[in-house]
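Worksheet: the structure to be examined is printed underneath.
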Amino acid sequence: MQRLHDGEKVIVAEGYIFNFEKRCYVQAGPFVPTVILDHPNLVKQLHEEFVRAGSDVVQAFTYYGHREKLKLINRSEDLESMNRTALRIARECANKTGTLMAGDICNTNTYDPLNPQNKENMEAIFKEQVEWAAEEGADFIIGETFGILDEALIALNAIKTYGKGNSPEKP
């Protein structure tokens, strides 16, 4: 936070989905990060590669690691394990390299403004992911790739409500 306050830059390198797709560990289409459970050592290695390339933040590979995406490939039972494993790997790498660790939530591809139950479902998806990130020691949480403002605001509210403000300094 001090670096940002002083006008410095903080670099967050990411691109896990596409890196693992190129390496044939993530299937194009659903892009579900099953590599976390199937090959955790490769996730750790990619974190280290990003840090060596200059990233100041290790971003947990929880992108598309939510209930709706795991339903598509019949792996809903792996949801919590996948998220917590990704967060623990990121925390371990951040501790080892002296970088920050970020949790990550993303779009659900289910937003429907005419269906109030859908909003409740999205809130539940974000809530559980944010709570796991806070419990696993994320320094902050990234919300990314939201094409619909209302869904982004639901995600932001979940971060504010359930993120527990782990940072010692709040801007």
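These values consider heavy atoms only, across backbone and side chains, with no hydrogens, waters or symmetry-generated copies. A quick note: this is a predicted structure, and the numbers were derived from the prediction, not measured.
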Q: Decide, yes or no, whether a salt bridge links Arg75 with Asp38 under the criterion of side-chain N to carboxylate O below 4.0 Å.
A: yes
(Q) Taking the basic N atoms (NZ, or NE/NH1/NH2) and the acidic carboxylate oxygens, is any pair closer than 4.0 Å for Glu131 and Lys164? (A) no
Q | Verdict with supporting geometry, Phe61 and Phe20, ring-ring contact (aromatic ring centres under 6.0 Å, His included) | A | CA-CA 11 Å; Phe61 184 29; Phe20 284 122; 5.7 Å; yes
[Y] and [X], any side-chain heavy atoms less than 4.5 Å apart:
X      : Y     : result
Glu128 : Asn83 : no
Lys9   : Arg3  : no
Asn95  : Glu92 : no
Ile73  : Gln27 : no
Val26  : Tyr64 : no

Q.
Testing Tyr25, Phe50, Phe31, Tyr63 one by one against Tyr16 for a ring-ring contact (aromatic ring centres under 6.0 Å, His included), which residue passes?
A. Phe50
Which pair of heavy atoms, one from [X] and one from [Y], lies closest together, and at what distance?
X      : Y      : value
Ala60  : His47  : CA-CE1, 4.4 Å
Ile105 : Phe126 : CD1-CD2, 3.9 Å
Val130 : Tyr162 : CG1-C, 3.5 Å
Gly143 : Ile159 : N-CD1, 4.4 Å
Ile142 : Ala102 : CD1-CB, 3.8 Å
Gly103 : Ala133 : CA-CB, 4.2 Å

Do side-chain atoms of [X] reach the backbone of [Y] as a donor and acceptor pair under 3.5 angstrom?
X      : Y      : result
His66  : Asn107 : yes
Asn115 : Gln117 : yes
Gln129 : Gly65  : yes
Asp139 : Met101 : yes
Asn157 : Leu153 : no
Asn118 : Asp112 : yes
Thr99  : Val57  : no

Q.
Checking Thr108 against Glu151 for the side-chain hydrogen bond (donor to acceptor under 3.5 Å, both in side chains) test, could you report, in this order, the C-alpha distance in whole Å, the side-chain angles of both residues, the deciding distance, and whether it holds?
A. CA-CA 8 Å; Thr108 63; Glu151 185 177 23; 2.6 Å; yes
Q. For the hydrophobic clusters of this structure (ILVMFWY residues joined by side-chain heavy atoms under 4.5 Å, transitively), does one cluster hold both Ile141 and Ile154?
A. yes
Q. So among Arg84, Arg88, Arg91, which one has a salt bridge (charged side-chain N to carboxylate O under 4.0 Å, His left out) with Glu135?
A. Arg84
Q) Hey, which of Leu37, Ile89, Thr85 is the one that makes side-chain contact (heavy atoms from CB on, under 4.5 Å) with Val43? A) Ile89
